[in-house]
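One is the number of the first residue; the rest follow in order along the sequence. Ligands are counted one by one from 1 in listed order, and the atoms in each one are counted from 1 as well.
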Amino acid sequence: MFRRLITLTAGVSLALTALTACGGSDSGSGSGDTITLGFSQVGAESGWRTANTKSIQDSAKKAGIELKFSDAQQKQENQIAAIRSFIKQKVDVIGFSPVVVTGWDAVLKEAKAANIPVVLTDRAVDSDPSLYVTFLGSDFVEEGRKAGQWLVDRHKDGSDPVNIVQLEGTVGSAPAIDRKKGFEEAIGTNPNLKVIASQSGDFTRAKGKEVMQALLKAHKDIDVLFAHNDDMGLGAMQAIEEAGLKPGEDIEIVTIDAVKDGMQALADGKFNFIVECSPLLGDQLMDVAKKIDAGGSVDKRIVTVETVFDQAAAKEALPTRQY
Ligand code: GZL
């Protein structure tokens, strides 16, 4: 209610905001109460996710924001149930990383009807953008493009066919759809670069290993693995070694994320290239929550800044890597 007062009465709002500021509350809920943020997390499927969860929890503490956190174990129905529970608890802001792109319209409309602003982090949805305030996260198409472009540059003078197998992320998730799109767009510029098989490893190490074992049995001529995240690449790396082949040499490995274990494999020469996808979204999420709660405006799309690593860069970056 107080929040609406600030946004609806332009003339008075300045005084009210000043009052809040004078009140010294570091939260933005106008009344000086602590902001409550309900957050539904995808799960704990990868090193990236673990680092993302830690970033959100640490940043909430630092920002003095009360965090109600729910782990959906990669099930959309659990995320929808969590969001409904946040609505019932009348949290100030709802944040979530949608496990898949579709199926969110109904619950987002319920949040809107309850006048609770929603922030998307990490992954996008195909719902009407008026149903959420902002989407904070990486450009996955660009990440896929960077991975593909590295291969194009590496093989630009070659004439031999380069056989690629692709381990895709969770079926129907924004990173899986968009990384595949960006990667295949980039390698399409060189007809020698061919994806001979592409299958989901659900972003997990175990599944990545299992799928790679099957691919190694079915294809004796694999030159490159492109995995949509480090964890599937690490699982596949084990399968490659167990098949008596050298990862990084017999089969080159390109992945996305740049979590510590992936960077170690890169520094050890078992991976060849990693495109960074930063999980450290916590501080930005808390800033957004405070701005929204204080009736401020927020950009509709906030793209996280990230880089790429080759083997030399990984060796240099590892000692100070935050995740
Ligand atoms: C990307 C994120 C992906 C990571 C995976 O922002 O959604 O999900 O790349 C994680 O490691 O499981």
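When the heavy atoms of Glu45, Gln74, Arg123 are ranked by distance to atom 7 (O) of ligand 1, first place goes to Arg123.
By the 4.0 Å heavy-atom criterion, Asp122 is counted among the residues contacting ligand 1. In this structure, Cys277 is part of the shell of residues with a heavy atom less than 4.0 angstrom from ligand 1. Heavy-atom separations between Asp257 and ligand 1 include at least one value shorter than 4.0 Å. By the 4.0 Å heavy-atom criterion, Glu143 is excluded from the residues contacting ligand 1. For the pair Gly137 and ligand 1, no heavy-atom separation below 4.0 Å is found.
Atom NZ of Lys220 is surrounded by more than 12 heavy atoms from other residues, nucleotides or ligands within 6.0 Å. The environment of Gln322 atom CD is sparse: at most 12 non-hydrogen atoms of other residues, nucleotides or ligands sit within 6.0 angstrom. The number of heavy atoms from other shown groups lying within 6.0 Å of NZ (Lys260) is above 12.
Of all atoms in ligand 1, listed by their number and element, those nearer than 4.0 Å to a heavy atom of Phe140 are 1 (C), 6 (O). Those atoms of ligand 1 with a heavy atom of Ser46 less than 4.0 angstrom away are 5 (C), 10 (C), 11 (O), 12 (O). Near Asn229, the atoms of ligand 1 lying under 4.0 angstrom from a non-hydrogen atom of the residue are 5 (C), 9 (O), 11 (O). Close contacts between ligand 1 and Pro175 involve ligand atoms 7 (O) [criterion: under 4.0 Å to a heavy atom].
Glu66 has a carboxylate O that lies under 4.0 Å from a charged side-chain N of Lys68, or vice versa, which qualifies the two as a salt bridge.
Glu143 and His228 share no donor-acceptor pair across their side chains, judged by distance under 3.5 Å alone.
Between Trp48 and ligand 1, a contact under 3.5 Å exists for no N or O pair.
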Please walk me through it: do Gln264 and Lys270 pass side-chain contact (heavy atoms from CB on, under 4.5 Å)? CA-CA 9 Å; Gln264 190 59 62; Lys270 294 185 175 180; over 6 Å; no

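Of the listed residues (Asp71, Asn52, Thr121), just one forms a side-chain hydrogen bond (donor to acceptor under 3.5 Å, both in side chains) with Gln41, and that residue is Asn52.
Asp299 contributes no side-chain N or O that, together with a main-chain N or O of Arg301, makes up a donor-acceptor pair within less than 3.5 Å.
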